[in-house]
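See structure below.
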Amino acid sequence: MRFKRLFIIGCSICMWQGLMAQTNAPITITQNKVQLTFTIDPAGQPIYTVDFNGKAFITPSRQGFVLATDSLFYKGFALINTEKKSVDETWKPVWGEVSTIRNSYQQLTVHLKQQTSGHLLDIVFRVFDDGVGFRYEFPYQPDLKYFTVTDEHTAFNLAGDATAWWIPGDYDSNEYPYTTSKLSQVNNSSLVQSATDIAVRTAPDPFAVQTPLMLKTEDQLYVNIHEAALRNYPAMQLHVDGNTHQLSARLVPDAVGNKAYLHAPCTTPWRTIIVSDKAADLLASKMILNLNDPPKTTDFSWIQPMKFVGIWWEMQTGKSTWNYADADNRGKDDGLVPNGRHGANTANVKKYIDFAAANGFKGVLVEGWNTGWEDWFGNWKEEVFDFVTPYPDFNVKEIEQYAAAKGVQMIMHNETSGSATNYERQLDTAFRFMRAYDYPAVKTGYVGRIIPRGEHHDGQWMVNHYERVAQKGLQYHIMIDAHEPPRPTGLQRTFPNWMASEAGRGNEYNAFSNGTAPDHETILPFTRLMGGPMDYTPGIFKLKGYAPHVPDRQMHSTLAKQLALYVTIYSPLQMVADLPENYEAHKDAFQFIRDVPVDWDDTRILAAEPGDYITIARKEKGKPNWYIGAITDELPRKAAIPLHFLDKGKKYRATIYADADNADWKQNPEVYHITTTVVDATTILNLQLAAGGGAAIAILPI
């Protein structure tokens, strides 16, 4: 990681003591249109307010904690002193949507002392052009060393009944479809009860929602509430009070009902509030990344963003199975009797290697290669997989040698079935196995109830587990694609090898459930993707009839939209998800997937409205080529796409992959047309997007 400090503007330290600390006069810091005000109310409770362009959209909101040894650690505070400073710097990510990121903010630190107990608490606020982040810091103090957090009293009080795009606050899953409603209408009960396609559901609060929570206020402000740098702490959900429009933090508990176990000095994750009067500004925000620490090492030459193929979709659609034998068809002494439909066999994998090599894809992911899939799910079994023992029909060495000869690398799959304890015991063994056979990346999975029993996917223990896996990946030079983790919080800056996560409702739900509405992909960038890249698995070309056991099932998308998703849903590890034969049927459209990069120098949000449409342009890393993705919801839409980001005075050739005139996600999803035209920086492309459709554009200099 190369890090360049441009300049630090005026680091000033201001102390208020004695009389001023007792008067609790409001303290304000401002950057551009965003203003943060802090005060202490008459009960000694910390209170903050956030204004945008002179108007409060976060009205006075409380802060503080309930501790096991101090149930009132949210009031009775006095202000000891404060510090202010200004920072303006730039840094370069190892990979990402842009090549350089500016980190500019005003910081206020308030030092508080609880008058009855004498305990100390600091709150650090950072005000950016596009929002506010704050976190709690517990300084070293003799009488508060090891302590337990039983509740957090952080609130986000909205000025009105905003429109929200939300999923239920579930301790174990983020894979629900989104609901669009007013805050006053939030109730997740029916959605949780009906979501039988989700493996594990734990949502005890009917009025809780997950973050990132996307809001549009009555004053037409776009607001996103989330967290940054989630480490050694449970994930935060938000309880919605529909009457007052108050949002309050709800932390995911552990097996005995506590939230976090801390040792001072320590910090919490940052609570983030991103705001703008333009929806596109939220998608361009780098505030969450900026609130994460840089990595401790600098040599990441081994990290290589890539596209990859795999046998995953044929198993999702029933063509083949993960398991070598059927669970109820074992031989004597528990021996395995082949079912004849196992996907991860040597001959089949070689076909995918050939396909990857022929089309310039660097990786091949194989799931179901290792023993244990016969009874892996639903039994809360601790020792299911050993992560190194292949099925009899999967020749590890032969496949590795075949792939190497073709210039392709295999991507490992480690499904844990939720047994994190078993995985941790075998991490070194599993990662040494990957290095021995030249696997540069691993897709991890946690489908099922968590072991240690009683823990949850989004609790403190598992948050630390996912980080331990990322740290182990750094040690062995392994890139990580984590499935079923909490929503990302920008930790890809601290751990650049933690390149992607699922943590949301991906394309797979179109294979084994009733699918996902066409507006889903227009919501994801404003919600799930605010914290980091998503392994969404785009690129499905056979949009009807792909699941023979359910003949009426279809994707809620056109083929052109599947192309556009490679631009609008970012991931540096990007899957080319469909079967090779389905790409063979549309070689001309497949060319866009072959060409589109996964690492970028620049990104421009050209148009965006949550739940309706998104148009994004990205510039290829180290090259002058631009790629555009435009998508819409269930409504057909005209997209006017200005190309002002192109170099002035230069001519480019644009190849446009668009919905055909008669395209429609439901009636006619696979029709498209491809055109080429000469463009420059003054060009505005006018395209018609079909219902549930989109367009993808490749722009190369002439």
Side-chain angles (χ1 to χ4, degrees), residues 93-97 167 170-176 198-200 210-212 226-231 234-236 252 269 288-289 292 303 305-308 310 312 363 365 367 411-416 418 420 423 441-448 450 456-459 462-474 478-509 520-521 523-538 565 568-575 577 598-599:
V94 176
W95 47 263
E97 299 173 271
I167 58 174
D170 191 302
Y171 299 165
D172 286 296
S173 180
N174 303 288
E175 299 184 2
Y176 292 90
I198 295 176
V200 179
Q210 300 283 45
T211 69
H226 190 33
E227 56 186 330
L230 174 59
R231 306 179 70 180
M236 178 182 71
V252 175
I288 289 175
L289 272 178
N292 279 267
I303 292 180
M306 68 170 71
K307 284 175 286 188
F308 63 93
W312 171 82
L365 168 70
E367 300 188 16
I411 296 177
M412 177 55 66
H413 181 239
N414 285 168
E415 175 58 58
T416 70
Y423 195 39
V442 58
K443 173 183 173 181
T444 61
Y446 298 85
V447 177
I450 292 297
H456 298 287
H457 288 76
D458 289 6
M462 282 302 294
V463 165
N464 290 339
H465 166 80
Y466 296 116
E467 181 173 326
R468 286 191 287 270
V469 174
Q471 290 174 332
K472 190 66 69 173
L474 285 177
I478 298 291
M479 298 179 287
I480 308 295
D481 173 10
H483 279 228
E484 293 85 35
R487 290 81 61 207
T489 60
L491 283 172
Q492 65 269 27
R493 181 183 183 187
T494 308
F495 304 103
N497 66 315
W498 192 348
M499 301 183 72
S501 296
E502 185 188 36
R505 191 177 182 89
N507 230 357
E508 65 195 65
Y509 276 83
H520 183 64
E521 294 94 348
I523 299 172
L524 281 175
F526 288 98
T527 51
R528 160 61 186 81
L529 278 96
M530 291 297 293
M534 181 178 184
D535 184 13
Y536 186 70
T537 61
L565 295 178
T568 62
I569 295 184
Y570 174 63
S571 178
L573 292 177
Q574 189 69 277
M575 191 173 194
V598 292
D599 200 12

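Keep in mind that the numbers below use all heavy atoms, side chains included, and drop hydrogens, waters and symmetry copies.
Residues Thr568 and Pro525 come closest through the heavy atom pair O-CG, 4.0 Å. Nearest approach of Arg493 to Asn292, heavy atoms of both residues: NH1-O, 2.9 Å. Contact between Glu367 and Trp312 at its shortest, heavy atoms only, is OE2-CD1, 3.3 Å. When every heavy atom of Pro269 is checked against every heavy atom of Leu230, the shortest pair comes out as CG-CD1, 3.7 Å. In this structure, Asn497 and Gly473 approach most closely via the heavy-atom pair ND2-C, 3.4 Å. Leu365 and Met412 get closest at one heavy-atom pair: CD1-O, 3.7 Å.
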- Message: Run Thr494 and Arg231 through side chain to side chain contact (heavy atoms under 4.5 Å, CB included) and show every step you take.
- Response: CA-CA 11 Å; Thr494 308; Arg231 306 179 70 180; 3.9 Å; yes
- Could you please spell out the steps behind the side chain to side chain contact (heavy atoms under 4.5 Å, CB included) verdict for Tyr466 and Gln471? CA-CA 9 Å; Tyr466 296 116; Gln471 290 174 332; over 6 Å; no
- After noting the C-alpha distance and the side-chain angles of Met462 and Ile450, does the key distance pass the side chain to side chain contact (heavy atoms under 4.5 Å, CB included) rule? CA-CA 9 Å; Met462 282 302 294; Ile450 292 297; 3.8 Å; yes
- Begin from the C-alpha positions of Asp481 and Thr444 and carry the test side chain to side chain contact (heavy atoms under 4.5 Å, CB included) through to its verdict. CA-CA 6 Å; Asp481 173 10; Thr444 61; over 6 Å; no
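The backbone N or O of Pro485 lies less than 3.5 Å from a partner atom in the side chain of Asn174, making a donor-acceptor pair. Without hydrogens or angle criteria, Thr537 side chain to Met575 main chain gives no donor-acceptor distance under 3.5 Å. In this structure, the side chain of Asp458 does not engage the main chain of Asp172 through any donor-acceptor pair within 3.5 Å. A donor-acceptor pair under 3.5 Å links the side-chain atoms of His457 to the main chain of Tyr446, judged by distance alone. Looking only at distances, a side-chain donor or acceptor of Gln210 sits under 3.5 Å from a matching main-chain atom of Asp170. When atom types are taken as modelled, the side chain of Gln574 and the backbone of Ile569 share a donor-acceptor pair closer than 3.5 angstrom. Judged by distance alone, with hydrogens and angles left aside, the side-chain atoms of Ser501 form no donor-acceptor pair with the main-chain N or O of Ala503 at under 3.5 Å. Judged by distance alone, the side chain of Arg505 and the main-chain N or O of Leu524 form no donor-acceptor pair under 3.5 Å. The closest donor-acceptor contact from the side chain of Trp498 to the backbone of Glu467 lies at 3.5 Å or more, if one exists at all. Judged purely by atom type and a 3.5 angstrom limit, Arg487 has no side-chain atom pairing as donor or acceptor with the backbone of Leu529.
With values rounded to the nearest 0.5 angstrom, Met534 atom CE is found 10.5 Å from Leu565 atom CG. How far OH of Tyr570 is from CG of Asp599: 5.0 Å, rounded to the nearest 0.5 Å. Note that the CE atom of Met530 and the NE2 atom of His226 stand 8.5 Å from one another [nearest 0.5 Å]. Expressed to the nearest 0.5 Å, how far CG of Leu573 lies from CD1 of Ile303 amounts to 9.5 Å. Note that OG1 of Thr527 and CD1 of Ile167 are 7.5 Å apart. Values are rounded to the nearest 0.5 Å. Expressed to the nearest 0.5 Å, how far OH of Tyr536 lies from NE2 of His520 amounts to 4.5 Å.
Between Glu415 and Lys443 no salt bridge is recorded (no basic side-chain N to carboxylate O distance below 4.0 Å).
With no hydrogens or angles considered, no side-chain donor-acceptor pair links His465 and Tyr423 at under 3.5 Å.
Counting heavy atoms from C-beta on, the side chains of Val200 and Ser173 never come closer than 4.5 Å.
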